[in-house]
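Data block below; observations after.
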Amino acid sequence: MNSTEWKEKLSFIRNDFFNSAIKSNSGDISALETEYIGRKGFLTFLLKDLKNFSLEEKKILGPLGNTLKAEITDKISELKNKFGSLSSSGLKNDFDLTLSARPYPKGSLHPITQTINKMTEIFLKLGFSVAEGPFIENEYYNFEALNIPEDHSSRDMHDTFYASIKDSKNRNLLLRTHTSPVQIRTMEKLKPPLRVISPGRVFRRDAIDASHSFVFYQIEGFYVDKNVSMADLKWTLETFIKELFGEKVKLRFRPSYFPFVEPGAGVVMPCVFCSGQKGTCPGCKGTGWIEVLGAGTIHPKVLKYCGYDSDAWSGFAFGAGVERFAMLLFGIKDMRVLYENDLRILKQL
Ligand code: PHE
């Protein structure tokens, strides 16, 4: 080959390389490098040929060859920068590790969930276990076995969502209006002694306002053993409330009526918004007290419905409104805050 042919070859290699470089993508840059300037590359071969030329010719051809080699080397590193060095999966690996991290939105548990968790934790420490029941109940578990017969006026206290279908035993189906049916379901299945709580959603045909919703949460609790009395109930609820709100909080038990307990009590604690001072406080409607639980000793009839010998066993039961506790714990005066899920508010809780 004479020097003209050598120059032609050089220009052919240049054109060929830059054409391929334009079409190259992240996958074939290393191949391109090997093909042109690798140990057996086109340009490498051509440069090796220089040894056959005269010194005069070498002085001219040598710099031409080296210039092209430098151009190709530059182009290859430019392409490598563009596509990033290749990972074995063929994916781009062009992270900039020096960039500062982007802040991402931090999630948290909903205040109702937090409240249920807190309340549950205390009862677990007191030896209670957790049971759950269905949202769709039948009237036997929601009412009858709880000593609320069909024509009993207290069914009116529970504004019930009825389904238009019945179950296989021809019982009306409904959305449970309280968590008390879980008492029956659990006692039917398990033998005493029992200490169980049951948190969950309940439903009533109520209009939404600052203290009502048609879906809300309760935590049921019940304890059946030999010689369980109102004293055990008092101790348990007082221990629970003190654990939740502090040692100083005092409970008041006021007579109340629930067909499935006898005697029954409405349990109130001093209003956290006005510290029990009577006045115009919207949190307690000016009474200084907030009712937080319904409770009592389990009616013998209820024990009998579940197949328990009511002479041998006795028990207490209570039902707590979770939203009430959430409002007290988080200082919320309007229950709707808990359902509207306005992130600006939830983020503060
Ligand atoms: N189930 C009752 C209610 O929803 C609360 C309650 C539970 C009362 C257990 C006494 C015992 O109002």
Side-chain angles (χ1 to χ4, degrees), residues 116 119-120 123 126 128 130-135 137-149 152-161 174-187 194-206 211-224 228-238 240-241 251-269 290-303 305-306 308 310 313-325 335:
I116 291 177
M119 295 169 79
T120 303
F123 284 110
L126 292 173
F128 284 73
V130 179
E132 284 192 334
F135 296 163
E137 264 300 359
N138 59 57
E139 56 188 344
Y140 176 77
Y141 288 109
N142 198 79
F143 293 128
E144 226 171 295
L146 287 160
N147 194 30
I148 315 175
H152 198 288
S153 58
S154 84
R155 280 206 189 188
D156 301 340
M157 279 163 51
H158 300 228
D159 250 329
T160 311
F161 286 111
L174 45 84
L175 291 177
R176 68 178 183 188
T177 57
H178 51 174
T179 41
S180 299
V182 186
Q183 286 186 42
I184 310 297
R185 289 186 174 273
T186 311
M187 285 195 270
L194 275 182
R195 259 176 295 185
V196 175
I197 55 159
S198 181
R201 213 173 268 180
V202 300
F203 310 82
R204 288 187 198 177
R205 288 166 55 125
D206 259 329
S211 54
H212 292 89
S213 163
F214 52 89
V215 188
F216 55 103
Y217 291 81
Q218 289 189 333
I219 292 191
E220 192 80 10
F222 54 101
Y223 173 34
V224 183
V228 176
S229 69
M230 270 314 254
D232 298 303
L233 171 68
K234 265 195 90 184
W235 181 87
T236 306
L237 292 183
E238 271 167 6
F240 163 69
I241 287 288
L251 286 183
R252 248 188 208 178
F253 287 68
R254 302 199 286 211
S256 188
Y257 175 70
F258 303 96
F260 34 93
V261 288
E262 180 57 38
V267 184
V268 296
M269 63 177 264
I290 293 189
E291 179 153 333
V292 286
L293 293 133
T297 41
I298 299 177
H299 199 294
K301 269 193 178 172
V302 173
L303 295 173
Y305 265 115
C306 302
Y308 285 12
S310 61
W313 303 100
S314 56
F316 68 66
F318 57 85
V322 173
E323 282 79 356
R324 216 21 101 68
F325 280 93
M335 201 161 115

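Order of listing sets the numbers, starting from 1, for every ligand and every atom in it. In this text the structure is predicted, and so the values were computed from the model without any measurement.
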For this session: Would you indicate whether F214, at its atom CZ, is surrounded by more than 12 heavy atoms from other residues, nucleotides or ligands within a distance under 6.0 Å?
Result: no
Exercise. Okay, side chain of R155, backbone of I148: is any donor-acceptor separation there less than 3.5 Å?
Worked result: yes
Exercise. Taking only residues two or more places apart in sequence or in another chain, which ones pass ring-ring contact (aromatic ring centres under 6.0 Å, His included) with F240?
Worked result: F123, F325
Exercise. So, do F216 and V202 sit near enough that their side-chain heavy atoms are less than 4.5 Å apart?
Worked result: yes
Name each N or O atom in ligand 1 that is under 3.5 Å from a protein N or O, and give the partner atom and the distance.
residue  : atom  : partner : partner atom : Å
ligand 1 : 1 (N) : H178    : ND1          : 2.9
ligand 1 : 1 (N) : S180    : OG           : 2.9
ligand 1 : 4 (O) : R204    : NH2          : 3.0
ligand 1 : 4 (O) : Q218    : NE2          : 2.9

Exercise. With a cut-off of under 6.0 Å to the ring centre and 45° to the axis, is R185 in cation-pi contact with Y141?
Worked result: yes
For this session: For this output row, return yes or no: ring centroids of H178 and F258 closer than 6.0 angstrom.
Result: no
